[in-house]
Structures are given as C-alpha cells and as structure tokens.
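A short write-up of the structure that comes next.
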Amino acid sequence: MMPELDPWGSSDIEDYAKLFDEFGIQPFEEILGSIENPHMLMRRKIVFGHRDLERVLDAKRKGERFALVSGMMPSGKMHFGHKMVVDQLMWWQDLGTPLYIPIASVEAYGVREKSLDEVERLGIEEYLVNYIALGLRPDNCTVYFQEKRRAVDTLALLFSRRVTFNELRAIYGELSPAKIVSALVQVGDILHPQLQEYEGPCPVVVPVGADQDPHIRLTRDIASRASSEFGFQPCAATYHRFNSGLDGGKMSSSKPSSYIALTETLKDARYKLMNAFTGGRDTLKEQKELGGRPDICTVYELMKLHLEPDDAKLENTFRTCAAGELMCGDCKKCAWDLLERFLVEHQEKREKARDRIEEYLVKE
Ligand code: SF4
C-alpha cells in the first residue's frame with residue numbers, strides 16, 4: 001500500500017489527528033503550555049504536532065546547544081503557504097538558535113528536473129530574497145546550496161549503507177534513483193550540524209509541513225543506526241498544517257489561482273482575494289439568518305495564518321461572521337487592506353534584501 005505522505009507529490013491530509021496514530025507524531029498541544037511566548041502559529045494550533053521537541057526545549061532551558069535545519073525548495077514562486085516556515089524560523093532565531101538553511105538544489109535538479117541555473121536563480125531571487133525581506137537575520141544563520149556543501153554530500157554517501165531499498169520503499173513508496181539521492185542528501189542536511197566542526201552532537205529541530213515526515217523518519221532511523229560511530233542524536237521536528245488553496249482545494253505551486261505569491265502584483269492579488277472561496281452564504285438574507293462559516297473560509301484562513309496578528313480581532317471576525325453580523329464584502333475589504341499593506345511593505349523590503357545576499361549565503 002502507498003504511504004499517505006508523499007514529500008514529492010501532493011499529500012492531501014483530511015484528518016491530521018490520524019497522523020498521531022499512524023506515524024507516531026505527538027500532539028503539539030501536550031507541550032504548548034511549557035513553551036514561553038509560543039509563536040502565533042503554535043497558539044492558533046496550526047503547528048499541530050511534533051517529535052521529540054522536549055529535548056530541544058530542555059537544551060534551551062539548560063543553556064545547552066541546539067540547532068535548527070529548514071530547507072527551501074527552489075522549484076517555483078514563493079507564496080503564502082511557504083511563508084509559514086519562515087515565520088517560525090524567526091521565532092527560533094529570537095531564541096538564539098543557530099539556523100542551517102539548505103537550498104534543496106540536488107532535489108530540484110534531480111526530482112523536479114530544473115536546470116542548475118534555474119535552481120540558482122529561483123533559490124536566490126524567489127526564496128532567499130523573500131526570506132531576508134520577511135525578517136531573517138544573518139547572525140547565526142547559514143544558507144547553502146546542497147551540491148556545494150561537502151559535509152552534507154559526504155554524509156549522504158556514507159549513509160547509503162545505513163538503509164535498505166525495502167526500507168526506503170516502505171517509507172516513500174514509489175522511488176527513483178534521483179529520489180533516493182535527494183532523500184539521503186536531506187538526511188545529510190539535517191544531521192550535519194551535529195558534526196564537530198559545526199555545533200557538535202545536540203538536539204536539532206526541523207519545522208516542516210506534515211508531508212515531509214518521511215524525511216524526518218528516515219533521518220531519525222539513520223541517526224540511531226550511526227550514533228555509535230558519529231554520536232548523532234535523532235532529529236526533532238514540528239509539523240504544521242497546510243495553507244488551503246484560495247479555491248478551497250489544495251494550495252499548489254502548479255496552480256497560480258490557488259495561491260498569492262509574495263511577489264504578486266497588487267492588481268492580481270486583489271483579484272485573487274476577491275474571488276477566493278469563502279464560507280459565505282448564497283444571499284445576504286441567508287448570511288444574516290444562518291451566519292457564515294469561517295471554519296471553511298479561505299479569506300479567514302489567510303487572516304488567521306498571516307494577516308491578523310491580534311488574537312482578539314481575529315476572534316471578533318470569527319464570532320461576527322458566525323453570528324451573521326459580518327458580510328463577506330466588508331470582510332474581504334478588511335482582509336485586502338491588511339494584504340495590500342503587507343505586499344507593499346514586503347516588496348519594498350525585497351529591493352533592499354538583494355544587496356544583503358552575501359551576508360547569508362556560504363560558498364561551501
Ligand atoms: Fe469568510 Fe469573512 Fe465571509 Fe465569514 S464574513 S465567510 S470570514 S469572508
């Protein structure tokens with residue numbers, strides 16, 4: 001049977017709670033209370049699960065070393081669905097966490113069949129520039145292309161002996177040589193901060209969308225098998241829900257109508273927002289009588305995940321929508337005011353970010 005989670009395809013997860021039983025992911029709410037000033041996405045239960053995060057939090061409490069790895073996939077435009085990871089990175093950076101950020105060039109070349117020139121252009125122009133504009137700081141932050149980081153590639157080669165083809169098939173399902181190589185390079189990405197020349201053995205957290213769990217499981221298995229030789233600890237992870245597509249389906253880079261890119265023109269962004277799937281009723285009369293359905297509304301979701309940082313205001317939107325006091329036209333106008341301000345400011349910051357790439361990107 002094919003696994004439900006495909007890191008290279010489109011995993012559509014209807015019931016996140018099932019992942020607790022099927023894959024052993026732990027509910028995030030069990031540890032939420034022990035986190036000081038949790039990130040907005042944690043408070044709002046968008047980060048829903050974790051593996052071994054206690055070890056990372058414990059290291060932080062004791063003043064011991066810990067680190068974070070978070071890859072970016074340079075295969076298309078960076079949109080609001082990708083932004084969720086960057087928002088979390090800055091929270092971790094504020095805790096003093098060293099950040100390791102691979103640009104997944106080996107995977108983009110091998111699995112997504114991009115040329116290396118295209119990978120480099122997308123990695124810098126579409127991703128790194130956006131990361132910097134969103135507020136990522138250069139201190140304690142290393143960004144690198146996978147094929148240029150020798151320590152990562154060496155670990156990937158060595159670890160090929162620590163896993164069997166049948167195990168890979170059980171974790172990933174359908175495989176190709178390019179997928180096997182890119183999976184092992186990801187293991188190298190996640191474990192290499194524990195080499196002595198970087199942080200040394202320590203807890204490393206990887207914040208991911210739920211579909212990336214196969215990479216986390218493989219890395220944890222390999223780390224355990226290689227621990228006597230390398231001293232590596234299995235990685236920890238946090239898992240966030242997917243941002244729904246604006247059409248109510250899955251947000252997908254191959255479907256521009258489903259997302260708003262961070263470089264979207266104001267005209268296109270406004271058109272997409274105004275035509276987004278909402279939880280509104282067919283008529284104003286019905287909306288007043290029955291109330292709207294913010295729980296299935298993509299405009300509300302955009303506010304919850306990205307645009308409205310004030311919990312009280314967000315709650316008020318939910319309440320007045322459900323009570324039939326708020327109409328979709330007015331609500332979309334408020335959302336557009338927030339989105340327009342964000343895009344104008346972000347796109348101005350992008351211009352300045354271009355001059356700062358060298359502060360982040362290492363050559364090896
Ligand atoms: Fe969505 Fe706002 Fe309409 Fe409610 S009022 S369904 S939150 S757009």
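Sequential numbering from 1 along the given sequence is applied to the chain's residues. Both counts, for ligands and for their atoms, begin at 1 and track the order of listing.
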Compute the minimum heavy-atom distance from C331 to ligand 1 and say whether it is under 4.0 Å.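 In this structure, C331 qualifies as a contact of ligand 1 - some heavy atom is under 4.0 Å.
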Which of the numbered atoms in ligand 1 are below 4.0 angstrom from a heavy atom of [X]?
X	value
G279	6 (S)
Y300	7 (S)
G280	6 (S)

Looking at atom 4 (Fe) of ligand 1, what's its closest protein heavy atom, distance included? C321 SG, 2.3 Å
Using 2.8 Å as the threshold, say whether any N, O or S atom from C297 sits that close to atom 4 (Fe) of ligand 1. no
Between Y239 and D211, is there a side-chain donor-acceptor contact under 3.5 Å, judged purely by atom types and distance? no
Is the distance between the ring centroids of [X] and [Y] less than 6.0 Å?
X	Y	value
Y300	F318	yes
F159	F230	yes
F28	F20	no
Y16	H240	no

Considering only NZ, NE, NH1 and NH2 on the basic side and carboxylate oxygens on the acidic side, decide whether R51 and D213 come within less than 4.0 Å.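 Result for this pair is yes, salt bridge flagged.
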Kindly confirm whether atom 2 (Fe) of ligand 1 is within less than 2.8 Å of some N/O/S atom in C328? no
